[in-house]
Amino acid sequence: LAGGSRAERDQNVDPAPAGGSCVDIRQLVADHHAVVYTYAYRLTGSVADAEDLTQQVFLQAQNKLHQLREPRAARTWLYAILRNSFRKQCRQRSVVTAADLELDVDRLPDEHDADEALDRQWLQEALDQLTPEHRIILAMFYFEDCAYREIAEALELPMGTVMSRLARAKRQLRAKLFPTQCPEAAQ
Amino acid sequence: MNDNPADRERALEAIEACRPAHDDMAEAELAWLAQEVADDPACKAAYRQIQRLDRRIGEAFADVEVPRGLEGRLLETLATAEAQRTAEAPPQDSSASEPWVAAPGKLAAVRPVPVASPAAKRRISRRWAVAGALAATAAAGLLIAVGWQLSRPVDYSAADLHALAIEHFTNQQHEPGHLLSEVRPPADYPPSPEVHVSPRSRWRRVEGLFGHRAVAYDLFVGRGRRATLYVVRSGVNDELPGAPPSRPALRTGGCSTAAWAEGPRLYVLVVAGDRAAYQRLLNLPRGPLT
(Lines give C-alpha, C1' and ligand atoms only; values in the text may rest on other atoms or scores of the structure.)
Protein backbone atom coordinates (compact mmCIF):
# COMPACT_ATOMS: atom_id res chain seq x y z
CA LEU A 1 0.00 0.00 0.00
CA ALA A 2 1.20 3.48 -0.83
CA GLY A 3 0.37 6.69 0.94
CA GLY A 4 2.08 8.13 3.99
CA SER A 5 1.65 11.29 6.00
CA ARG A 6 0.91 14.68 4.51
CA ALA A 7 4.34 15.92 5.54
CA GLU A 8 5.86 13.04 3.60
CA ARG A 9 3.72 13.88 0.59
CA ASP A 10 4.89 17.49 0.93
CA GLN A 11 8.44 16.23 0.73
CA ASN A 12 7.65 14.55 -2.55
CA VAL A 13 6.05 17.66 -3.99
CA ASP A 14 8.09 20.48 -2.55
CA PRO A 15 11.84 20.20 -2.40
CA ALA A 16 13.27 21.89 0.67
CA PRO A 17 15.15 25.10 0.03
CA ALA A 18 18.90 24.64 0.01
CA GLY A 19 20.53 25.52 3.29
CA GLY A 20 17.90 24.31 5.74
CA SER A 21 15.17 26.01 7.70
CA CYS A 22 15.42 29.59 6.40
CA VAL A 23 12.27 30.16 4.37
CA ASP A 24 11.78 33.17 2.17
CA ILE A 25 8.19 34.41 2.00
CA ARG A 26 8.61 35.29 -1.67
CA GLN A 27 9.63 31.74 -2.42
CA LEU A 28 6.67 30.50 -0.43
CA VAL A 29 4.34 32.66 -2.53
CA ALA A 30 5.97 31.54 -5.76
CA ASP A 31 5.72 27.85 -4.85
CA HIS A 32 2.28 27.72 -3.28
CA HIS A 33 0.08 30.65 -4.31
CA ALA A 34 -1.74 28.65 -6.98
CA VAL A 35 -2.68 25.73 -4.74
CA VAL A 36 -3.62 28.02 -1.87
CA TYR A 37 -5.86 30.03 -4.19
CA THR A 38 -7.44 26.85 -5.58
CA TYR A 39 -8.18 25.62 -2.07
CA ALA A 40 -9.54 29.06 -1.10
CA TYR A 41 -11.77 29.15 -4.16
CA ARG A 42 -13.25 25.74 -3.40
CA LEU A 43 -14.06 26.88 0.15
CA THR A 44 -15.39 30.35 -0.61
CA GLY A 45 -16.89 29.83 -4.09
CA SER A 46 -15.99 33.32 -5.24
CA VAL A 47 -12.97 34.70 -7.08
CA ALA A 48 -12.83 37.86 -4.97
CA ASP A 49 -13.26 36.05 -1.66
CA ALA A 50 -10.71 33.43 -2.66
CA GLU A 51 -8.14 36.10 -3.51
CA ASP A 52 -8.81 37.89 -0.20
CA LEU A 53 -8.43 34.65 1.69
CA THR A 54 -5.21 33.80 -0.14
CA GLN A 55 -3.87 37.22 0.76
CA GLN A 56 -4.76 36.68 4.43
CA VAL A 57 -3.02 33.32 4.41
CA PHE A 58 0.27 34.73 3.14
CA LEU A 59 0.07 37.77 5.43
CA GLN A 60 -0.27 35.44 8.40
CA ALA A 61 2.47 33.24 7.03
CA GLN A 62 4.75 36.27 6.79
CA ASN A 63 4.06 37.18 10.43
CA LYS A 64 4.48 33.63 11.68
CA LEU A 65 7.29 32.50 9.45
CA HIS A 66 9.41 31.67 12.49
CA GLN A 67 6.89 28.95 13.35
CA LEU A 68 7.64 27.06 10.16
CA ARG A 69 10.37 24.84 11.52
CA GLU A 70 10.25 22.31 8.69
CA PRO A 71 10.24 24.03 5.29
CA ARG A 72 9.19 20.76 3.63
CA ALA A 73 5.89 20.95 5.47
CA ALA A 74 5.17 24.46 4.16
CA ARG A 75 2.15 23.46 2.11
CA THR A 76 0.47 21.61 4.98
CA TRP A 77 1.18 24.60 7.21
CA LEU A 78 -0.33 27.06 4.70
CA TYR A 79 -3.40 24.85 4.32
CA ALA A 80 -3.89 24.84 8.09
CA ILE A 81 -3.68 28.65 8.19
CA LEU A 82 -6.17 28.79 5.32
CA ARG A 83 -8.69 26.50 7.03
CA ASN A 84 -8.49 28.44 10.27
CA SER A 85 -8.87 31.79 8.48
CA PHE A 86 -11.85 30.51 6.55
CA ARG A 87 -13.54 29.19 9.69
CA LYS A 88 -12.92 32.48 11.48
CA GLN A 89 -14.41 34.33 8.53
CA CYS A 90 -17.48 32.09 8.57
CA ARG A 91 -18.01 32.70 12.29
CA GLN A 92 -17.81 36.46 11.78
CA ARG A 93 -20.35 36.45 8.97
CA SER A 94 -24.08 36.12 9.49
CA VAL A 95 -25.43 32.68 10.22
CA VAL A 96 -26.53 30.77 7.13
CA THR A 97 -30.11 29.62 7.45
CA ALA A 98 -31.24 26.13 6.60
CA ALA A 99 -33.24 27.53 3.70
CA ASP A 100 -30.03 28.89 2.19
CA LEU A 101 -28.60 25.40 2.19
CA GLU A 102 -31.29 24.03 -0.07
CA LEU A 103 -29.99 23.32 -3.54
CA ASP A 104 -31.38 25.51 -6.27
CA VAL A 105 -31.83 22.78 -8.88
CA ASP A 106 -32.58 25.27 -11.62
CA ARG A 107 -29.05 26.61 -11.39
CA LEU A 108 -27.45 23.25 -12.01
CA PRO A 109 -27.00 21.82 -15.50
CA ASP A 110 -28.39 18.43 -16.40
CA GLU A 111 -26.65 15.49 -14.87
CA HIS A 112 -23.40 14.55 -16.52
CA ASP A 113 -22.59 11.23 -18.04
CA ALA A 114 -20.93 8.87 -15.57
CA ASP A 115 -17.52 8.99 -17.23
CA GLU A 116 -17.55 12.58 -18.45
CA ALA A 117 -15.21 14.97 -16.68
CA LEU A 118 -17.00 16.92 -14.02
CA ASP A 119 -17.48 20.58 -14.80
CA ARG A 120 -15.53 22.71 -12.30
CA GLN A 121 -18.26 25.31 -11.99
CA TRP A 122 -20.89 22.64 -11.49
CA LEU A 123 -18.84 21.20 -8.65
CA GLN A 124 -18.49 24.67 -7.14
CA GLU A 125 -22.22 25.33 -7.23
CA ALA A 126 -22.85 22.05 -5.47
CA LEU A 127 -20.14 22.79 -2.87
CA ASP A 128 -21.62 26.24 -2.24
CA GLN A 129 -24.81 24.54 -1.06
CA LEU A 130 -22.99 22.68 1.73
CA THR A 131 -22.09 23.97 5.17
CA PRO A 132 -18.58 25.41 5.65
CA GLU A 133 -17.69 22.46 7.90
CA HIS A 134 -18.62 20.00 5.18
CA ARG A 135 -16.74 22.00 2.56
CA ILE A 136 -13.61 21.93 4.72
CA ILE A 137 -13.75 18.20 5.31
CA LEU A 138 -14.38 17.53 1.61
CA ALA A 139 -11.51 19.79 0.59
CA MET A 140 -9.23 17.98 2.99
CA PHE A 141 -10.29 14.63 1.53
CA TYR A 142 -10.40 15.45 -2.18
CA PHE A 143 -7.91 18.31 -2.51
CA GLU A 144 -5.40 17.82 0.31
CA ASP A 145 -5.71 14.04 -0.13
CA CYS A 146 -5.84 13.56 3.63
CA ALA A 147 -6.63 10.25 5.28
CA TYR A 148 -9.45 10.47 7.79
CA ARG A 149 -6.89 10.05 10.58
CA GLU A 150 -5.06 13.15 9.36
CA ILE A 151 -8.34 15.06 9.15
CA ALA A 152 -9.15 14.04 12.72
CA GLU A 153 -5.74 15.21 13.89
CA ALA A 154 -5.86 18.54 12.06
CA LEU A 155 -9.41 19.37 13.16
CA GLU A 156 -8.92 17.92 16.65
CA LEU A 157 -11.95 15.69 16.28
CA PRO A 158 -12.42 12.04 17.24
CA MET A 159 -11.83 9.68 14.32
CA GLY A 160 -15.37 8.30 14.58
CA THR A 161 -16.80 11.81 14.25
CA VAL A 162 -14.65 12.47 11.19
CA MET A 163 -15.72 9.21 9.52
CA SER A 164 -19.40 9.91 9.97
CA ARG A 165 -19.05 13.60 9.05
CA LEU A 166 -17.01 12.75 5.97
CA ALA A 167 -19.54 10.12 4.89
CA ARG A 168 -22.42 12.58 5.33
CA ALA A 169 -20.62 15.35 3.43
CA LYS A 170 -19.72 13.04 0.54
CA ARG A 171 -23.25 11.72 0.28
CA GLN A 172 -24.68 15.24 0.24
CA LEU A 173 -22.26 16.32 -2.47
CA ARG A 174 -22.96 13.25 -4.62
CA ALA A 175 -26.70 13.68 -4.18
CA LYS A 176 -26.36 17.17 -5.64
CA LEU A 177 -23.95 16.23 -8.42
CA PHE A 178 -25.25 12.83 -9.44
CA PRO A 179 -28.80 12.46 -8.14
CA THR A 180 -29.45 9.25 -10.09
CA GLN A 181 -25.98 7.71 -10.10
CA CYS A 182 -24.97 7.87 -6.48
CA PRO A 183 -25.13 4.63 -4.49
CA GLU A 184 -27.69 6.12 -2.11
CA ALA A 185 -30.12 6.57 -5.02
CA ALA A 186 -29.97 2.86 -5.78
CA GLN A 187 -30.93 1.85 -2.23
CA MET B 1 -24.24 -6.45 3.03
CA ASN B 2 -24.71 -7.25 6.70
CA ASP B 3 -28.37 -7.11 7.84
CA ASN B 4 -27.49 -5.27 11.04
CA PRO B 5 -28.12 -1.54 10.30
CA ALA B 6 -25.29 -0.43 12.59
CA ASP B 7 -22.79 -2.73 10.86
CA ARG B 8 -24.11 -1.63 7.48
CA GLU B 9 -23.64 2.05 8.31
CA ARG B 10 -20.19 1.32 9.69
CA ALA B 11 -19.22 -0.47 6.47
CA LEU B 12 -20.53 2.40 4.33
CA GLU B 13 -18.66 4.98 6.41
CA ALA B 14 -15.48 2.93 6.10
CA ILE B 15 -15.94 2.72 2.32
CA GLU B 16 -16.37 6.51 2.17
CA ALA B 17 -13.19 7.10 4.17
CA CYS B 18 -11.12 4.57 2.26
CA ARG B 19 -8.97 5.92 -0.56
CA PRO B 20 -7.56 3.49 -3.10
CA ALA B 21 -3.84 2.74 -2.70
CA HIS B 22 -3.62 4.51 0.64
CA ASP B 23 -2.98 2.99 4.03
CA ASP B 24 -5.96 4.72 5.57
CA MET B 25 -7.06 1.85 7.75
CA ALA B 26 -5.52 -0.47 10.29
CA GLU B 27 -5.05 -4.03 9.09
CA ALA B 28 -7.87 -5.46 11.21
CA GLU B 29 -10.24 -2.75 10.04
CA LEU B 30 -9.26 -3.30 6.43
CA ALA B 31 -9.68 -7.07 6.74
CA TRP B 32 -13.18 -6.59 8.15
CA LEU B 33 -14.14 -4.19 5.36
CA ALA B 34 -12.68 -6.47 2.68
CA GLN B 35 -14.81 -9.32 4.04
CA GLU B 36 -17.93 -7.13 4.00
CA VAL B 37 -17.27 -6.07 0.41
CA ALA B 38 -16.48 -9.61 -0.71
CA ASP B 39 -19.56 -11.11 0.95
CA ASP B 40 -22.12 -8.71 -0.40
CA PRO B 41 -22.57 -7.81 -4.10
CA ALA B 42 -24.49 -4.64 -3.21
CA CYS B 43 -21.65 -3.51 -0.97
CA LYS B 44 -19.15 -4.30 -3.70
CA ALA B 45 -21.16 -2.29 -6.24
CA ALA B 46 -21.43 0.65 -3.82
CA TYR B 47 -17.67 0.51 -3.20
CA ARG B 48 -16.89 0.60 -6.94
CA GLN B 49 -19.36 3.37 -7.64
CA ILE B 50 -18.08 5.52 -4.77
CA GLN B 51 -14.47 5.08 -5.87
CA ARG B 52 -15.38 6.06 -9.43
CA LEU B 53 -17.31 9.17 -8.38
CA ASP B 54 -14.56 10.08 -5.89
CA ARG B 55 -12.01 10.03 -8.69
CA ARG B 56 -14.11 12.39 -10.80
CA ILE B 57 -14.79 14.78 -7.94
CA GLY B 58 -11.12 14.73 -6.90
CA GLU B 59 -10.00 15.65 -10.42
CA ALA B 60 -12.54 18.48 -10.65
CA PHE B 61 -11.56 19.83 -7.24
CA ALA B 62 -8.13 20.90 -8.46
CA ASP B 63 -9.47 22.32 -11.71
CA VAL B 64 -9.58 26.01 -10.83
CA GLU B 65 -8.36 28.90 -12.92
CA VAL B 66 -5.88 31.02 -10.99
CA PRO B 67 -6.35 34.77 -11.67
CA ARG B 68 -3.68 36.49 -13.70
CA GLY B 69 -1.19 38.54 -11.72
CA LEU B 70 -2.14 36.98 -8.38
CA GLU B 71 1.46 36.30 -7.39
CA GLY B 72 2.48 39.91 -8.06
CA ARG B 73 -0.46 41.30 -6.10
CA LEU B 74 0.34 39.03 -3.16
CA LEU B 75 3.99 40.10 -3.11
CA GLU B 76 2.96 43.74 -3.26
CA THR B 77 0.59 43.32 -0.29
CA LEU B 78 3.25 41.51 1.73
CA ALA B 79 5.83 44.20 1.01
CA THR B 80 3.39 46.93 2.10
CA ALA B 81 2.53 45.07 5.31
CA GLU B 82 6.20 44.52 6.11
CA ALA B 83 7.00 48.20 5.51
CA GLN B 84 4.15 49.24 7.83
CA ARG B 85 5.30 46.84 10.52
CA THR B 86 8.84 48.17 10.38
CA ALA B 87 7.59 51.76 10.59
CA GLU B 88 5.39 50.98 13.60
CA ALA B 89 8.07 49.07 15.56
CA PRO B 90 8.30 50.37 19.16
CA PRO B 91 11.33 52.49 20.10
CA GLN B 92 14.12 50.58 21.82
CA ASP B 93 14.78 51.55 25.44
CA SER B 94 18.15 50.13 26.36
CA SER B 95 17.83 51.27 30.00
CA ALA B 96 15.01 48.79 30.48
CA SER B 97 16.88 45.83 29.07
CA GLU B 98 17.42 44.43 32.56
CA PRO B 99 14.90 45.50 35.20
CA TRP B 100 17.03 44.50 38.19
CA VAL B 101 20.03 46.65 37.20
CA ALA B 102 19.79 50.42 37.39
CA ALA B 103 20.57 52.35 34.23
CA PRO B 104 24.26 53.37 33.90
CA GLY B 105 23.34 57.02 33.54
CA LYS B 106 21.60 57.04 36.93
CA LEU B 107 24.60 55.43 38.67
CA ALA B 108 27.00 58.05 37.26
CA ALA B 109 24.82 60.88 38.46
CA VAL B 110 24.97 59.90 42.15
CA ARG B 111 28.57 58.60 42.39
CA PRO B 112 30.83 61.11 44.34
CA VAL B 113 33.97 62.42 42.67
CA PRO B 114 37.01 62.10 45.11
CA VAL B 115 39.29 65.13 45.64
CA ALA B 116 42.47 64.48 47.79
CA SER B 117 46.28 65.07 48.17
CA PRO B 118 48.78 62.58 46.57
CA ALA B 119 49.50 60.90 50.00
CA ALA B 120 45.87 60.70 50.83
CA LYS B 121 45.28 59.41 47.33
CA ARG B 122 47.83 56.54 47.94
CA ARG B 123 46.16 55.62 51.27
CA ILE B 124 42.82 55.81 49.60
CA SER B 125 44.17 53.70 46.72
CA ARG B 126 45.36 50.95 49.13
CA ARG B 127 42.02 51.04 50.94
CA TRP B 128 40.24 50.97 47.60
CA ALA B 129 42.43 48.05 46.49
CA VAL B 130 41.49 46.02 49.57
CA ALA B 131 37.87 47.05 49.34
CA GLY B 132 37.93 46.36 45.62
CA ALA B 133 39.31 42.86 46.15
CA LEU B 134 36.67 42.16 48.78
CA ALA B 135 34.00 43.58 46.54
CA ALA B 136 35.25 41.53 43.60
CA THR B 137 35.16 38.37 45.73
CA ALA B 138 31.65 39.20 46.91
CA ALA B 139 30.55 40.04 43.38
CA ALA B 140 31.98 36.77 42.07
CA GLY B 141 30.11 34.90 44.81
CA LEU B 142 26.98 36.82 43.98
CA LEU B 143 27.37 36.10 40.27
CA ILE B 144 27.83 32.39 40.99
CA ALA B 145 24.77 32.46 43.24
CA VAL B 146 22.73 34.35 40.66
CA GLY B 147 23.96 32.07 37.89
CA TRP B 148 23.02 29.04 39.93
CA GLN B 149 19.69 30.60 40.74
CA LEU B 150 18.98 31.31 37.07
CA SER B 151 20.10 27.99 35.71
CA ARG B 152 18.85 25.58 38.34
CA PRO B 153 15.74 23.70 37.33
CA VAL B 154 12.37 24.62 38.76
CA ASP B 155 11.80 22.02 41.44
CA TYR B 156 8.10 21.56 40.83
CA SER B 157 6.12 18.97 38.95
CA ALA B 158 4.07 20.14 35.98
CA ALA B 159 0.90 19.76 38.06
CA ASP B 160 2.38 21.94 40.84
CA LEU B 161 3.44 24.57 38.31
CA HIS B 162 -0.08 24.80 36.90
CA ALA B 163 -1.69 25.02 40.33
CA LEU B 164 0.81 27.61 41.63
CA ALA B 165 0.50 29.72 38.49
CA ILE B 166 -3.30 29.84 38.77
CA GLU B 167 -3.01 30.66 42.47
CA HIS B 168 -0.58 33.50 41.72
CA PHE B 169 -2.72 34.75 38.85
CA THR B 170 -5.88 34.75 40.96
CA ASN B 171 -4.43 36.33 44.11
CA GLN B 172 -1.88 38.77 42.71
CA GLN B 173 -2.17 42.45 43.46
CA HIS B 174 0.26 44.54 41.53
CA GLU B 175 0.90 47.87 39.90
CA PRO B 176 0.39 48.03 36.14
CA GLY B 177 3.67 47.12 34.45
CA HIS B 178 5.41 48.73 31.52
CA LEU B 179 3.54 49.05 28.27
CA LEU B 180 5.22 46.72 25.79
CA SER B 181 5.05 49.25 22.98
CA GLU B 182 6.86 51.84 25.13
CA VAL B 183 9.43 49.92 27.18
CA ARG B 184 11.29 46.94 25.91
CA PRO B 185 11.16 43.87 28.19
CA PRO B 186 14.35 42.24 29.51
CA ALA B 187 16.10 40.40 26.72
CA ASP B 188 16.56 37.26 28.80
CA TYR B 189 12.85 36.99 29.48
CA PRO B 190 11.19 37.40 26.08
CA PRO B 191 7.58 36.39 25.52
CA SER B 192 7.10 33.09 23.72
CA PRO B 193 6.70 33.46 19.96
CA GLU B 194 3.94 30.84 20.23
CA VAL B 195 1.73 33.22 22.20
CA HIS B 196 -0.02 36.24 20.75
CA VAL B 197 1.38 39.19 22.65
CA SER B 198 -0.11 42.48 21.48
CA PRO B 199 1.99 45.67 21.73
CA ARG B 200 -0.74 46.87 24.12
CA SER B 201 0.23 44.17 26.62
CA ARG B 202 2.22 45.10 29.74
CA TRP B 203 5.17 43.47 31.42
CA ARG B 204 6.40 43.53 35.02
CA ARG B 205 8.88 41.66 37.16
CA VAL B 206 7.80 39.05 39.66
CA GLU B 207 10.02 37.90 42.51
CA GLY B 208 10.04 34.38 43.85
CA LEU B 209 7.62 32.73 41.46
CA PHE B 210 8.47 29.00 41.58
CA GLY B 211 11.50 30.08 43.61
CA HIS B 212 12.85 32.17 40.74
CA ARG B 213 12.77 35.62 39.32
CA ALA B 214 10.21 35.94 36.57
CA VAL B 215 8.70 38.38 34.14
CA ALA B 216 4.94 38.43 33.80
CA TYR B 217 3.31 39.64 30.60
CA ASP B 218 -0.22 40.80 31.27
CA LEU B 219 -1.65 40.15 27.84
CA PHE B 220 -4.03 42.54 26.19
CA VAL B 221 -7.08 40.43 25.44
CA GLY B 222 -9.83 43.06 25.50
CA ARG B 223 -13.34 43.07 26.91
CA GLY B 224 -12.10 43.04 30.51
CA ARG B 225 -10.65 39.55 30.22
CA ARG B 226 -7.31 38.70 31.77
CA ALA B 227 -4.40 36.52 30.79
CA THR B 228 -0.81 36.42 31.98
CA LEU B 229 2.23 34.76 30.49
CA TYR B 230 4.95 34.04 33.07
CA VAL B 231 8.54 33.62 31.93
CA VAL B 232 11.13 32.02 34.22
CA ARG B 233 14.73 31.22 33.41
CA SER B 234 15.43 27.76 34.64
CA GLY B 235 17.19 24.53 33.83
CA VAL B 236 15.65 21.83 31.70
CA ASN B 237 12.44 20.30 32.99
CA ASP B 238 11.96 17.09 31.04
CA GLU B 239 8.37 16.77 32.15
CA LEU B 240 7.22 19.76 30.12
CA PRO B 241 6.44 19.93 26.40
CA GLY B 242 8.63 22.03 24.12
CA ALA B 243 5.73 24.20 22.91
CA PRO B 244 2.38 25.32 24.30
CA PRO B 245 -0.09 22.45 24.13
CA SER B 246 -3.17 23.09 22.00
CA ARG B 247 -5.39 22.47 25.01
CA PRO B 248 -4.89 23.81 28.54
CA ALA B 249 -3.28 21.30 30.90
CA LEU B 250 -5.41 22.41 33.85
CA ARG B 251 -8.74 24.16 34.09
CA THR B 252 -9.92 25.21 37.50
CA GLY B 253 -11.52 28.20 39.20
CA GLY B 254 -12.53 29.68 35.85
CA CYS B 255 -8.91 29.69 34.65
CA SER B 256 -7.06 27.64 32.06
CA THR B 257 -3.32 27.11 32.17
CA ALA B 258 -0.46 25.24 30.60
CA ALA B 259 3.31 25.22 31.05
CA TRP B 260 6.02 24.46 28.55
CA ALA B 261 9.78 24.90 28.17
CA GLU B 262 11.54 26.68 25.32
CA GLY B 263 15.31 26.33 25.62
CA PRO B 264 16.43 27.68 29.00
CA ARG B 265 13.05 29.26 29.72
CA LEU B 266 9.92 28.02 31.34
CA TYR B 267 6.64 29.56 30.20
CA VAL B 268 3.32 29.35 32.00
CA LEU B 269 0.22 30.84 30.39
CA VAL B 270 -2.80 31.46 32.60
CA VAL B 271 -6.05 32.67 31.06
CA ALA B 272 -9.26 33.66 32.79
CA GLY B 273 -11.63 31.63 30.67
CA ASP B 274 -12.17 28.31 29.01
CA ARG B 275 -10.27 26.31 26.44
CA ALA B 276 -11.36 28.59 23.60
CA ALA B 277 -10.07 31.66 25.46
CA TYR B 278 -6.76 29.87 25.98
CA GLN B 279 -6.52 28.79 22.34
CA ARG B 280 -7.26 32.28 21.06
CA LEU B 281 -3.96 33.43 22.58
CA LEU B 282 -1.88 30.82 20.82
CA ASN B 283 -0.31 31.67 17.50
CA LEU B 284 -0.61 28.09 16.35
CA PRO B 285 -2.46 27.48 13.12
CA ARG B 286 -4.83 24.96 14.55
CA GLY B 287 -8.07 24.78 16.48
CA PRO B 288 -11.23 22.80 16.87
CA LEU B 289 -13.91 22.75 14.22
CA THR B 290 -16.78 24.78 15.59
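In what follows, chains carry the letters A, B, and so on, assigned in the order in which the sequence lines appear, proteins first and then strands, with residues in each chain numbered from 1.
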Taking salt bridge (Lys or Arg N to Asp or Glu O under 4.0 Å) as the definition, give me every residue that meets it alongside A:R120, ordered by chain and number, with sequence neighbours left out. B:D63, B:E65
Given that the side chain runs from C-beta out, which part of [X] has a heavy atom under 4.5 Å from chain B: side chain, backbone, both or neither?
X	answer
A:L123	side chain
A:A50	neither
A:A139	both
A:F58	both

Count the heavy-atom pairs under 4.5 Å between each of [options] and chain B, then report the option with the highest count.
options	result
A:Y37, A:F141, A:Y142, A:Y39	A:Y142
A:T54, A:L173, A:N63	A:N63
A:Q60, A:R168, A:Q121, A:R149	A:R149

If you compare all heavy atoms of [X] against all heavy atoms of [Y], which two are closest, and at what distance to 0.1 Å?
X	Y	value
B:P67	A:V47	CG-CG1, 4.3 Å
B:A81	A:Q62	CB-NE2, 4.0 Å
B:S246	A:E156	OG-OE2, 3.0 Å
B:A17	A:Y148	CB-CD2, 3.7 Å
B:E16	A:L166	O-CD2, 4.3 Å
B:E13	A:S164	OE2-CB, 3.1 Å

Check whether more than 12 heavy atoms from other residues, nucleotides or ligands sit under 6.0 Å from atom CZ of A:R26, and answer yes or no. no
Verify the neighbour count for atom CD of A:E153: are there more than 12 heavy atoms of other residues, nucleotides or ligands below 6.0 Å? no
Residue [X] versus chain A: region with a heavy atom under 4.5 Å:
X	value
B:R10	neither
B:I57	both
B:E59	neither

With rounding to the nearest 0.5 Å, note down the distance linking [atom1] in [X] to [atom2] in [Y].
X	Y	atom1	atom2	answer
B:E71	A:H33	CD	NE2	4.5 Å
B:H196	A:K64	NE2	NZ	9.0 Å
A:L127	B:F61	CG	CZ	4.5 Å
B:R56	A:R174	CZ	CZ	12.5 Å
A:K170	B:L12	NZ	CG	11.0 Å

Closest-packed option against chain A by number of heavy-atom pairs under 4.5 Å, given B:L74, B:V66, B:L78: B:L78
Quick one, B:V64 with A:Q124, criterion side-chain contact (heavy atoms from CB on, under 4.5 Å). Give me CA distance, side-chain angles, the key distance, then yes/no. CA-CA 10 Å; B:V64 169; A:Q124 193 57 50; 5.7 Å; no
Whether the side chain of A:Q67 engages the backbone of B:N283 through a donor-acceptor N/O pair (distance < 3.5 Å, no angle test) should be reported. yes
